[in-house]
Amino acid sequence: MENWGKPLRKVVIVGGGAAGWMSAAALSAVLKPPYEIRLVESEEIGIIGVGEATIPLIRMFNDLARIDEAGFLKATQGTFKLGIEFVNWGRQGERYFHGFGRIGKEPLWPLDFTQYWLRLRALGRAQPIDAYVISCMAAKANRFMLPQPQMQNSPMADLGYAYHFDASLYARHLRALSEQRGVRRTEGKVVRVLLDEEPGPTQGHVRAVQLQGGELVEGDLFLDCTGFAGLLTDKALGVGFEDWSHWLPCDRAWAVPSESMKPLLPYTRATARSAGWQWRIPLQHRVGNGHVYSSRHMSDDEAADVLLRNLDAPALADPRLIRFRTGMRKEAWTRNVVAIGMSAGFVEPLESTALHLIQMGVARLIEAFPHGGFDPAEIAEYNRVSRERYESVRDFIVLHYHLNQREDGGFWQACANMAIPDRLRWRMDLYAASGRLVYVETDLFREPSWFEVMEGQNLRPRGWLALADLQGVEDTVNYFKGVSDTIASCVAAMPEHSEFIRRYCAAAPMK
């Protein structure tokens, strides 16, 4: 079937920040003339900038957008991230680590590594699970080095890692890269969205956006990167919003930078507070901090005080209040408009998924990039996958809140007692029965991540799968000891995180 309609050539990105400039960087890496990419943004509007921590899939985006790792880390005051330490999320006084990458190694036997670990733990013969996760052990030792793919039988072959960086500097870096590739930036505030009123297949599509000075910016395909405002998707096209606040009750955050600290840790820390949680993200030049909370359970003034009282070093500015709503647009792609980033949905900062959801939206758009007309089947498939991925992320975040045993107030008890999405209940029930972990094609977080959070927050299986009993106990113990000893040796050979950064990607001092 031939594509209908005029050839699509003009791509207009409305909005800057991480969503806009990530879109521009990725599209400019794959679209060549006669395609034109234009980005419209207003410096009056500014950037929310909570996305200073990432997950390992950001490296795939950097490869797609042809971004040099060391160069971008220097430009953004970036550091490395091996996972997240969770404090007080199960019970108060407890902590656990969600490390990136594989747990143990592929066993010689038919079941997953974690099944044999569950059996050994019941016999009192297993170490804590962190001993078998190289990212956890390296993070605790404050060490880091890049994966060594040539070491095929070593845990170092595929060490999982991501980044911490300054989101504003990241957008600036991507802007410079995009403009070098021909992206045209226009400074201006959008005051009106014009729709095509002519009868035909493009009737009701966005024809142009009008700027405050009167200029019309016309396009064939528009990306809505205007954040919660949703200027195109919501205001112009009226796409509804599906609210998830009954599952994710936090709706505000205070954010504040603080002075750098030593040692420079290669992980994010998320500490549960009485009505939410506090993040700590170490960068080269400062530490990013924030307090995410439910305004129904804590006042803004009290929340700001909780944040400032629990900083590890003096604040460098006054805290900034961010209001948000968790949920997603009912359609991410409508007519000739694709919502990217917070215009499409937001699932709060826990587990650092915001930048990945931007990345996912852009990558899927590139995959389905239209030749001419907009095929309803392609749009429907884009929206199906987008919804499933947002819902998968949502369920993983809800798991953290629901699976708590805190006894210090209404917020946590409400989370523990709330009705949860059916698919999350299915995952929890399977794990509780036999430690079984499931993977769905559109999952962002794989089985090790679900395992670490469920175990870390005290969901204990009633048993394990039967085939785990067929392997001799001593053989299993020796095998596990070999894995943990190898991981310990690898970690001991790594440089300290700060020393690796000094040699690889030290940033210039901030002026």
Novice: Would you say that E351 contacts S449 through its side chain, given a criterion of any heavy-atom pair below 4.5 Å between the two side chains?
Specialist: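 They are not in side-chain contact.
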Novice: Under 3.5 Å, is there a donor on one side chain and an acceptor on the other for Y96 and Q457?
Specialist: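 Their side chains do contain a donor-acceptor pair, which is all the 3.5 Å distance test asks for.
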Novice: Using the side-chain contact (heavy atoms from CB on, under 4.5 Å) definition, which of the options V239, I379, I340, T233 pairs with W333?
Specialist: I379
Novice: Does the separation of the ring centres of Y293 and W277 fall below 6.0 angstrom?
Specialist: no
Novice: Verify the neighbour count for atom CD of Q150: are there more than 12 heavy atoms of other residues, nucleotides or ligands below 6.0 Å?
Specialist: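 Atom CD in Q150 is packed in, count exceeds 12.
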Novice: Using a 4.5 Å cut-off on heavy atoms from C-beta on, say whether the side chain of L146 contacts that of E69.
Specialist: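 Yes, at least one pair of side-chain atoms sits under 4.5 Å.
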Novice: Is there side-chain contact between R175 and R185, with at least one heavy-atom pair below 4.5 Å?
Specialist: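 Side chain of R175 against side chain of R185, heavy atoms only: contact under 4.5 Å found.
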Novice: Assess, by modelled atom type and distance only, whether the side chains of T226 and K235 contain a donor and an acceptor separated by less than 3.5 Å.
Specialist: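 T226 vs K235: no donor-acceptor pair found between side chains.
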Novice: Taking everything shown except D422 itself, do over 12 heavy atoms lie less than 6.0 Å from its CG?
Specialist: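 No, because the 6.0 Å sphere around CG of D422 holds 12 heavy atoms or fewer from other groups.
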Novice: What class does the angle between the rings of Y401 and F411 fall in, given that below 30° is parallel, 30 to 60° is tilted and above 60° is perpendicular?
Specialist: perpendicular
Novice: Can you establish whether the number of heavy atoms outside R9 located under 6.0 Å from its atom CZ is more than 12?
Specialist: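 Counting neighbours around CZ of R9, more than 12 heavy atoms of other residues, nucleotides or ligands fall under 6.0 Å, so yes.
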Novice: So do W450 and Y439 actually touch side chain to side chain, heavy atoms under 4.5 Å?
Specialist: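 With C-beta onward as the side chain, the pair stays apart.
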Novice: Is it the case that atom CZ in R66 sees more than 12 heavy atoms from other parts of the structure closer than 6.0 Å?
Specialist: yes
Novice: Sequence neighbours excluded and cut-off under 3.5 Å, please list the side-chain donor-acceptor pairs for residues 264-271, or say none.
Specialist:
unit_1: T268; atom_1: OG1; unit_2: H164; atom_2: NE2; d: 2.9
unit_1: R269; atom_1: NE; unit_2: E85; atom_2: OE1; d: 2.7
unit_1: R269; atom_1: NH2; unit_2: E85; atom_2: OE1; d: 3.0

Novice: State, with a plain yes or no, whether a side-chain heavy atom of D300 is found less than 4.5 Å away from one of W254.
Specialist: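 Heavy-atom side-chain distance check passes, below 4.5 Å.
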Novice: Within a reach of under 6.0 Å around CZ of R387, are more than 12 heavy atoms found that belong to other residues, nucleotides or ligands?
Specialist: yes
Novice: Quick one about E447 and Y431 (side-chain donor to acceptor, distance below 3.5 Å, no hydrogens or angles considered), yes or no?
Specialist: no
Novice: Taking the side chain as C-beta and beyond, is there a heavy-atom pair between L365 and L223 under 4.5 Å?
Specialist: yes
Novice: Please confirm whether the ring centroid of H205 lies under 6.0 Å from the ring centroid of F374.
Specialist: yes
Novice: Looking only at the side chains, is there a donor atom on one of E242 and Y390 sitting less than 3.5 Å from an acceptor on the other?
Specialist: no
Novice: Looking at R252, I want to see if its CZ is surrounded by more than 12 non-hydrogen atoms of other residues, nucleotides or ligands under 6.0 Å.
Specialist: yes
Novice: Under 6.0 Å from the ring centre and within 45 degrees of the ring axis: does the NZ or CZ of R59 meet both conditions for the six-membered ring of Y161?
Specialist: yes
Novice: For a 4.5 angstrom cut-off between non-hydrogen side-chain atoms, does R425 reach H402?
Specialist: yes
Novice: How about Y504 and F144: are their ring centroids closer than 6.0 Å?
Specialist: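 Not under 6.0 Å, so no.
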Novice: A side-chain contact here means heavy atoms from C-beta on lying under 4.5 Å apart; do L64 and I366 qualify?
Specialist: yes
Novice: Would you check if the side chain of Q152 reaches a backbone N or O of A157 as a donor-acceptor pair within less than 3.5 Å?
Specialist: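 No.
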Novice: Please say whether more than 12 non-hydrogen atoms of neighbouring residues, nucleotides or ligands are located less than 6.0 Å from CE in M60.
Specialist: no
Novice: How about K10: does its NZ atom have over 12 heavy atoms from other parts shown lying under 6.0 Å from it?
Specialist: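 Count not over threshold, so no.
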